[in-house]
Amino acid sequence: MNFDWTVLLVVDSVLLVVATAVVIIAFIRELRR
Amino acid sequence: MPTIITLSGLDWLLIGGYFALSLFVGYRLRPSSTASSSSVGGGGQDFLLAGRRLTLPLFVGSLVATWYGGVLGVGEIVFRDGLVSWLTQGGFWYASYLIFALFLARRLTQSSQVTLPDQMGLLHGQSARFLATVLNFFNVVPIAYLLSLGLLIRLLTGWPLLWAIASGAIIAVLYSIWGGFRAVVYTDLMQFALMCLAVSMLMIYCVFGLGGADYLRENLPPAHMQLMGTMSSQELLVWSLIALSTLVDPNFYHRCYAAKDPGTSQRGVLIAVGFWVLFDICTTFAGLYARAAFPEADPKMGYPLLAQLLLPPGLKGLFVVGLLASVMSTIDSYCFIGAMTLSHDLPRWRGRELDENQTIRWTRLGIAGTAALASFLAMFFHGSIKSIWKTLGSLSTSAMLLPMLLGLLGFRAKHAGAVSMLGGIVGTLGWAAYRQWGPASAMKVEALLPGIALCCLGYFVTSILQRMRR
């Protein structure tokens, strides 16, 4: 069975979005303090 | 000029909203007249360094966004060279970022300086400070980035390049003129989120819209999928040296001085490396998809063509906003650092310290002046000036890298800093002239290399002479 490595590109993109969201949420929490 | 991207009303609404929000943030963060006399730190440090209170999210967002200025340029390189560009534009740089994080970030924050020339002056004296001030200014005038922004605006609106550059420059610097460095980092955070969202979105649409690994294998030249590509080991060595310019990059230094503590700057750079890795994978493979889908296209237009092909209305606007954000976040930071030459570095070199109000006034003037100079050069000399400015830009690496690193690590000798910097300048400019008018074989060696060699020679000879005198 052939593994299509472009799935990893999708994982990379999702990780980038999640990590960005974490930074923005951390910033909003700081603003609220 | 034919329109590559057709935008819907919703797309335009998003673009307009982005510009309006950037200006609103800058306007809201402008210093009040009563606050200026009581802000943290003397000499306008609140305006120049956001009061040295940069927290981790702001540090990361600002550094990541500022570092990526020419996303269209990255697309062009990937389109032309293939996967090897991940090594030349990514891999080598990560090593430099890690060296910066592990060995420099904490020291810089602890040193409590304001600019990179300050640091050089502290380590090697007034002559070195002056040379660093001049080199630093040449390094940060954002000609190529303003040209990119102008081309992008022309692509969207069809305006003449002159109007496109001028309008882009005005918006990109207006918020920093109002709000100072605080406005730069707050807008950077927004721009960071937008650009990350834009490239992630494009990547996902490429995989599901065009196809997986088989699609790339069938439609790309074989060398495009090889990590080493067709580059020689000498070329790779040059790229690895160019990546070391990170270690004397004024944007890194500025953010470390503005960080609230040494731990924030070290952790911030390390986290930023993670973002750059994820981001570079998206931009590299999107560039490969662009080459596979449009093999005959203008390489610079790879990403816009993909967006036009794959993204629905609304998301296309979001993608364009991401592209604009990546260029604007770099232009504002570069203009701000260029302005500090006028409001901080030159007065300090002459032994003067401006007060809060004078600093704000001169910084604002400097931002406008740097943007105007860059716009003028981008508009009227963009054909010939690029190579000249590339040489001037590489001067800062060849002349400052060694004295800065050795100085920070405690190896200092009287006059060694200034002499080695002059060596770097003479070596780089001399070789650039030789490349221009000398034999064709001179083109094989980048001007950076003789510059670094003469800089090393200057440092070590001066150090040995000083030791012998003692």
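Given the structure is predicted, the values throughout are model-derived calculations rather than measurements.
With a threshold of 4.5 angstrom between heavy atoms, B:F59 does not approach chain A through any atom at all. For chain A, the nearby part of B:L216 is the side chain; its heavy atoms alone come within less than 4.5 Å. Of the atoms belonging to A:I24, it is side-chain heavy atoms, and not backbone ones, that fall under 4.5 Å from chain B.
Closest heavy-atom contact between A:D12 and B:C282: OD2-SG, 3.2 Å. Across every non-hydrogen atom of B:L56 and A:E30, the tightest pair is N-OE2, 4.3 Å.
Atom CZ in A:R29 sits 14.0 Å away from atom OG1 in B:T55 (nearest 0.5 Å). Separating the SG atom in B:C206 from the CG atom in A:L9 is a distance of 9.0 Å, to the nearest 0.5 Å. For the atom pair A:L15 CG and B:L278 CG, the distance stands at 6.0 Å (nearest 0.5 Å). Atoms CG and CE, from A:L16 and B:M201 in turn, are 12.0 Å apart once rounded to the nearest 0.5 Å.
If you tally non-hydrogen atom pairs under 4.5 Å between each of B:V60, B:I204, B:V64, B:L189 and chain A, the highest count goes to B:L189. In terms of heavy-atom pairs under 4.5 angstrom with chain A, the leader among B:F208, B:Y215, B:F285 is B:F285.
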Output, in order, the C-alpha distance, side-chain angles, deciding distance and verdict of side chain to side chain contact (heavy atoms under 4.5 Å, CB included) for A:V17 and B:C196.
CA-CA 7 Å; A:V17 173; B:C196 288; over 6 Å; no
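Separation of the B:Y186 and A:F27 ring centroids falls under the 6.0 Å cut-off.
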